[in-house]
Amino acid sequence: MNPFIELGIRHDIVNAISELGFENPTPIQEQSIPVLLTGSNDFVGLAQTGTGKTAAFGLPLLELLDFEENYPQALILCPTRELCLQITNDIKNYAKKMGNVQVVAVYGGASISDQLRQIRRGVQIVVATPGRMLDIINRKAIDFSKVKFVVLDEADEMLNMGFQEDIDSILSTTPEEKKTWLFSATMPAEVRRIAKKYMKDPFELTMGEKNTGNVNIEHEYYIVRARDKYAAFKRIVDFNPDIFGIVFCRTKIETQDIAEALIKDGYNADSLHGDLSQQQRDKVMKRYRERNLQLLIATDVAARGIDVNDVTHVINYSLPDEIENYTHRSGRTARAGKTGVSISIINAKELGKIRQIERGLGKRFVKVEIPTGFDVCEKQLFSIVHKVHNVEVNEQQIEQYIPRIMEEFKDMSKEEFIKRFASIEFNRFLDYYKNAPDLNAPIEEGRRSERSDDRSFDRGGSVGKSEYARLFINLGSVDEFNRGDLLGYICNQTKISGRTVGKIDVKGVYSFFEVQHSDVEKVTAAFKEAEFKGRPVRIELAGEGTSDNRSSGGSSHPRREGGYNRERSGGGERREGGFNRDKSGSSGGFRDFSGKRREDRPERRRRF
Ligand code: AMP
């Protein structure tokens with residue numbers, strides 16, 4: 001038997017959701033549907049976005065309402081226009097094989113007269129953002145006196161956005177005996193308070209551990225120096241050729257700057273922030289949803305309610321001020337049972353924040369090294385190889401060109417052809433990254449701050465100056481050194497004991513190694529005239545002048561030269577990957593549903 005039938009959902013709904021690909025209930029659906037179907041409980045569900053909570057409350061509503069009547073029986077309040085439209089659309093889809101189910105979306109930034117007209121025509125389910133809903137109530141254009149169920153979706157977000165009073169006013173127009181179902185990704189004290197205020201003895205359901213966040217999300221962090229942040233970010237993106245990500249910044253200006261820089265560097269990126277008009281926001285979101293954008297650069301507020309599946313990475317270009325916001329950000333990936341990665345690019349001083357978030361989520365973050373230029377080139381090469389391997393060939397269209405292509409390559413061996421084909425893109429990355437420095441913050445800096453971080457959280461650990469100095473050497477794996485070889489080479493050259501050498505980090509065209517402070521002079525002196533295969537060997541104290549700016553030799557970013565499947569945009573910019581290019585400007589003052597500027601408001605929540 002279909003598992004949804006077993007949960008008590010009827011056939012015409014099950015048939016509709018089967019067409020949407022719902023074969024098995026998600027955990028929250030499994031646990032909440034039987035409770036909500038009784039229609040006799042208030043309910044609090046602590047659940048992340050992307051867990052299937054819309055169906056968790058939407059399916060029971062379709063079972064419980066009387067669709068022969070045409071008055072409002074259920075009111076769903078949610079924080080954003082995007083979520084409002086999404087919920088409306090989802091419920092319409094679940095109900096598409098039922099007769100006379102009328103769902104109306106009520107939200108700001110769109111014609112109120114259309115919404116009023118739909119309400120007058122008769123509606124059983126109203127999905128609304130609080131500002132516009134209150135407006136309609138104040139016009140006496142809707143009667144909630146027979147509402148049986150109120151759903152507060154993303155309650156924490158609604159409170160966050162300052163909708164508490166609006167919600168109070170709206171709920172005061174609904175009957176005492178209605179049932180209230182509240183869903184929230186986090187459970188700060190304010191949400192607890194409203195749960196207490198509006199509900200009697202609610203049934204509480206926590207999916208996973210409290211505040212644990214989605215278990216399918218890997219949390220990673222990279223430590224870089226502030227000046228290397230953008231270069232490190234690009235390198236992470238280049239290391240993930242199939243990334244479909246949301247990049248979070250703290251301010252509108254930073255959002256805009258990063259998006260502009262990325263566009264200049266040939267990435268498919270655009271920004272979403274509070275200075276865009278609703279129309280511009282819609283346009284950006286449409287492009288992102290349709291995958292014509294690969295990177296969406298957003299502020300926390302602007303990204304609220306973004307509901308796009310298959311986001312592979314969330315990148316915290318700047319850490320949020322509050323732990324709750326980190327949960328919301330990372331919840332944009334790993335939706336619907338998929339996996340995702342939440343990356344934070346931080347400087348060593350911000351390690352304390354990472355530790356706090358780890359504690360808040362009860363999850364360990366993994367420290368990852370910024371990939372070397374060599375790593376990026378290798379990853380890109382194999383990405384091209386896989387693309388070539390998997391590309392769908394349009395036999396009909398290409399057929400006419402095949403004889404000419406064959407003629408051109410008739411004297412070339414298969415190996416030679418493959419090598420050249422792969423090199424077209426590989427060379428660009430190789431050229432750009434050939435002298436790419438290590439962007440990881442120097443180890444002493446990291447260690448020192450790990451220690452001071454530990455100290456500030458009473459975890460003990462000795463505090464003091466590192467006994468090692470870190471040295472750069474212009475030899476690496478391209479010179480066929482591994483760690484052992486390099487150790488041997490250094491000891492041979494300097495006559496210091498191998499036991500006194502610390503960590504050795506072999507990169508592509510260079511490496512780092514640690515020696516005792518007392519040995520630094522001896523080591524540098526020993527390499528003064530040294531040559532390796534006719535090349536002078538260079539030793540430097542690490543941490544000096546190792547930024548992408550210095551050593552990329554001014555060559556423009558490989559993406560910029562045009563990628564595979566590239567297109568030419570209207571502005572002469574080349575992009576890769578067949579993404580389109582309608583750039584949206586950034587003028588006009590975006591106001592939210594209640595007409596107040598939310599993004600400029602001081603936040604009232606817990607800060608680090
Ligand atoms: P939600 O948390 O309601 O926004 O749902 C996240 C995504 O999961 C949406 O794209 C849903 O269509 C999808 N989804 C919800 N329930 C199921 C299910 N039982 N099986 C497969 N996909 C689902």
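In this text the structure is predicted, and so the values were computed from the model without any measurement. Whatever order the structure lists them in is the order used to number ligands and atoms, beginning at 1.
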Margin query: Side chain, backbone, both or neither: which applies to F57 and ligand 1 if a contact is any heavy-atom pair less than 4.0 Å apart?
Written below: neither
Checklist line | Spatial distance of atom CZ (F149) from atom CH2 (W181) [nearest 0.5 Å] | finding: 5.0 Å
Check: Quick one: does N24 get an N or O within less than 3.5 Å of an N or O on ligand 1?
Finding: yes
Next item on the list: Just jot down the ring pair (Phe, Tyr, Trp, His ring centres under 6.0 Å) partners of F365, sequence neighbours excluded, or say none.
Entry: H219, Y326
Note to self: Taking the ring of F233 and the ring of Y222, is the distance between their centroids below 6.0 Å?
What the structure shows: no
Item checked: Option among D143, I142, V147 that satisfies the side chain to side chain contact (heavy atoms under 4.5 Å, CB included) test with S145 -> D143
Check: What's the spacing between N268 CG and L262 CG if we round to 0.5 Å?
Finding: 10.0 Å
Checklist line | Under 4.0 Å to a heavy atom of T54 - the qualifying atoms of ligand 1, by number | finding: 1 (P), 3 (O), 4 (O)
Checklist line | Proximal atoms of ligand 1 relative to T51 (non-hydrogen, under 4.0 Å) | finding: 2 (O)
Notebook entry, point to check: What about E23: any of its N or O atoms under 3.5 Å from an N or O on ligand 1?
Noted result: no
Next item on the list: Assess the pair Y317 and F248: is the distance between their ring centroids shorter than 6.0 Å?
Entry: no
Margin query: If you measure every N or O of P25 against every N or O of ligand 1, does any of those distances drop under 3.5 Å?
Written below: no
Check: Short list, please: which atoms of ligand 1 are under 4.0 Å from a heavy atom of F4?
Finding: 19 (N)
Side-chain donor-acceptor distances from residues 2-11 under 3.5 Å, at least two apart:
from	atom 1	to	atom 2	distance (Å)
N2	OD1	F4	N	2.7
R10	NE	D12	OD1	3.1

Margin query: Can you tell me which portion of Q29 lies within the under-4.0 Å heavy-atom range of ligand 1? Options are side chain, backbone, both, or neither.
Written below: side chain
Margin query: Show the atoms of ligand 1 that are less than 4.0 angstrom away from any heavy atom in T26.
Written below: 16 (N), 17 (C), 18 (C), 19 (N)
